[in-house]
Amino acid sequence: MLINCVAYRNGRRVREIPVNEIHEYLKEPDAFVWVALKDPEPSELEEMQRQFGLHELAVEDARHGHQRPKLEEYGDSLFVVLHMIEAEAGELNVGELAIFAGNNYLLSVRRGAKRGFVDVRTRCEREPELLRHGPGYVLYALMDAVVDRYFPIIDGLETELEAIEEQIFANETTAVDIIEALYDLRRKLMTVRHATEPLLEATGRLYAGRVPQLVAGLQDYFRDVYDHLIRLNQAVDSLRDMTATAISVNLSLVTIQENQVTKRLAAYGALVAVPTMIAGIYGMNFQYMPELNWWFGYPFAIGLMVVLDAYLFYRFRKAKWL
């Protein structure tokens with residue numbers, strides 16, 4: 001589906017144009033065309049390929065999707081794939097943004113993501129002095145927007161981890177539920193990591209060493225995106241370490257609780273064993289046994305049971321077994 005098809009000249013918006021007029025603006029030296037597609041049909045991509053002369057391998061990647069974040073050069077043009085992560089009902093939905101950038105055009109293809117880039121287009125149009133850089137600046141603006149949208153996701157995962165940690169020490173949730181929640185959190189962190197880590201190498205190629213001509217003069221902007229990615233990856237690593245620690249703490253608490261239960265059972269077993277032993281001895285029914293015919297034999301046996309159990313109970317409570 002076509003979202004926008006807008007022509008720009010000298011950094012300023014000219015007008016929205018139909019697809020069949022794109023070639024007219026591509027001939028102008030100071031103009032470029034910015035096209036946005038969402039979940040396009042194959043015929044739409046084929047039309048864009050004819051209009052902009054896109055490389056067939058890049059078009060195939062954009063058509064099928066499910067690509068890892070990357071940057072590829074095809075002559076003077078760039079093909080960039082980004083993962084768009086959106087939080088929905090406690091889960092992370094992963095979409096893709098494929099960007100084709102050339103000297104006089106930029107085509108963005110969004111798949112599986114609801115949030116668009118109207119704010120990015122508005123921001124660029126408010127800065128015509130920067131938009132004069134052409135598609136290179138638009139490429140930066142789109143990458144910066146996608147990367148900045150990762151930060152609220154990280155904040156949400158931090159909040160989720162804090163809530164799980166409170167549940168660990170509150171003893172209001174079963175150990176199985178906590179382990180499941182922690183592993184679900186680790187899965188979400190891996191989703192974010194798979195989106196950010198490959199971008200480090202791709203973004204590094206846009207500001208260090210031999211940069212593509214399309215982004216020449218914009219190295220400082222892409223370095224800023226790279227710094228954001230460094231922060232994101234550090235945050236993901238930190239959360240993964242904290243999650244692993246939380247798992248270990250939870251398992252340790254489970255072990256401690258099991259030991260406490262074992263101690264209680266052992267203590268109760270000892271309290272039952274003492275009277276059982278005494279009753280067992282005097283219940284053997286031998287003919288010649290001491291105290292069998294003693295007047296105070298029964299009260300003495302009961303008293304002995306009570307005294308011994310009371311002493312054991314005192315010692316167990318003192319040792320915090322009960």
Asker: Apply salt bridge (charged side-chain N to carboxylate O under 4.0 Å, His left out) to the pair Arg193 and Asp237, showing each step before the final yes or no.
Answerer: CA-CA 9 Å; Arg193 188 175 184 83; Asp237 289 340; 2.4 Å; yes

Asker: Is it true that the NZ or CZ of Arg149 lies under 6.0 Å from the centre of Phe117's six-membered ring and within 45 degrees of the ring axis?
Answerer: yes

Asker: Out of curiosity, Ser238 OG to Asn233 CG, how far, rounded to the nearest 0.5 Å?
Answerer: 12.5 Å

Asker: Indicate, with yes or no, if the rings of Tyr140 and Tyr137 have centres closer together than 6.0 Å.
Answerer: yes

Asker: If you look at every heavy atom in Val211 and Ala216, which pair is closest and at what distance?
Answerer: CG2-CA, 4.4 Å

Asker: Answer yes if Val272 and Phe316 sit in the same cluster of Ile, Leu, Val, Met, Phe, Trp and Tyr residues linked by side chain heavy atoms under 4.5 Å apart, and no otherwise.
Answerer: no

Asker: Side chains of Arg186 and Met190, heavy atoms from C-beta outward: is any pair under 4.5 Å?
Answerer: no

Asker: Report the C-alpha separation of Val6 and Arg13 in whole Å, then their side-chain angles, then the decisive distance to 0.1 Å, and conclude whether the side-chain contact (heavy atoms from CB on, under 4.5 Å) test is met.
Answerer: CA-CA 7 Å; Val6 182; Arg13 181 189 181 108; 3.7 Å; yes

Asker: Evaluate the salt bridge (charged side-chain N to carboxylate O under 4.0 Å, His left out) criterion for residues Arg187 and Glu91: first the C-alpha distance (whole Å), next the side-chain angles of each, then the deciding distance (0.1 Å), finally the verdict.
Answerer: CA-CA 10 Å; Arg187 178 179 58 81; Glu91 292 295 328; 3.0 Å; yes

Asker: What closest approach, in Å, do Leu131 and Gly11 show between heavy atoms, and which atom pair accounts for it?
Answerer: CD2-O, 3.4 Å

Asker: Is the Phe100 to Phe52 ring centre distance short of 6.0 Å?
Answerer: no

Asker: Spell out, as yes or no, whether a donor-acceptor pair under 3.5 Å connects the side chain of His133 to the backbone of Leu214.
Answerer: no

Asker: Taking atom CD of Glu41 and atom CD of Glu47, what is their separation to the nearest 0.5 Å?
Answerer: 14.0 Å

Asker: Tell me, do Tyr8 and Glu125 make a side-chain contact under 4.5 Å, heavy atoms counted?
Answerer: yes

Asker: The test is side-chain contact (heavy atoms from CB on, under 4.5 Å); show your working for Glu96 and Met84 and say whether it passes.
Answerer: CA-CA 5 Å; Glu96 283 187 10; Met84 299 179 63; over 6 Å; no

Asker: Can you tell me how far the CD1 atom of Ile164 sits from the CE atom of Met242, to the nearest 0.5 Å?
Answerer: 11.0 Å

Asker: Starting at CZ of Arg210, measure out to CD of Glu73 and round the result to the nearest 0.5 Å.
Answerer: 5.0 Å

Asker: Report the C-alpha distance between Glu165 and Val249 in whole Å, list the side-chain angles of each, state the deciding distance to 0.1 Å, and finish with yes or no for side-chain contact (heavy atoms from CB on, under 4.5 Å).
Answerer: CA-CA 9 Å; Glu165 289 176 336; Val249 170; over 6 Å; no

Asker: Show, in sequence, the C-alpha distance, side-chain angles and deciding distance for Arg9 and Glu28, and conclude whether the salt bridge (charged side-chain N to carboxylate O under 4.0 Å, His left out) test is met.
Answerer: CA-CA 9 Å; Arg9 183 183 294 116; Glu28 300 184 23; 2.8 Å; yes

Asker: Please report the C-alpha distance between Arg223 and Asp227 in whole Å, then the side-chain angles of each, then the deciding distance to 0.1 Å, and finally whether the salt bridge (charged side-chain N to carboxylate O under 4.0 Å, His left out) criterion is met.
Answerer: CA-CA 6 Å; Arg223 184 185 298 112; Asp227 290 341; over 6 Å; no

Asker: Can we call the ring centroids of Tyr105 and Phe32 under 6.0 Å apart?
Answerer: no

Asker: Do you know which two heavy atoms are closest between Leu312 and Ala270, and how far apart they sit?
Answerer: CD1-O, 4.1 Å

Asker: Working to the nearest 0.5 angstrom, can you tell me the gap between Leu139 CG and Asp144 CG?
Answerer: 11.0 Å

Asker: If you apply the rule side-chain hydrogen bond (donor to acceptor under 3.5 Å, both in side chains), what do you find for Tyr268 with Arg264, and how did you get there?
Answerer: CA-CA 6 Å; Tyr268 288 131; Arg264 289 191 181 96; 5.9 Å; no

Asker: Between Asn104 and Val33, does a side-chain contact (heavy atoms from CB on, under 4.5 Å) hold up when you go through it step by step?
Answerer: CA-CA 6 Å; Asn104 50 9; Val33 179; over 6 Å; no

Asker: Which pair of heavy atoms, one from Ile85 and one from Ala195, lies closest together, and at what distance?
Answerer: CD1-CB, 3.7 Å

Asker: Nearest 0.5 angstrom please: Leu199 CG to Glu197 CD, how far?
Answerer: 10.5 Å

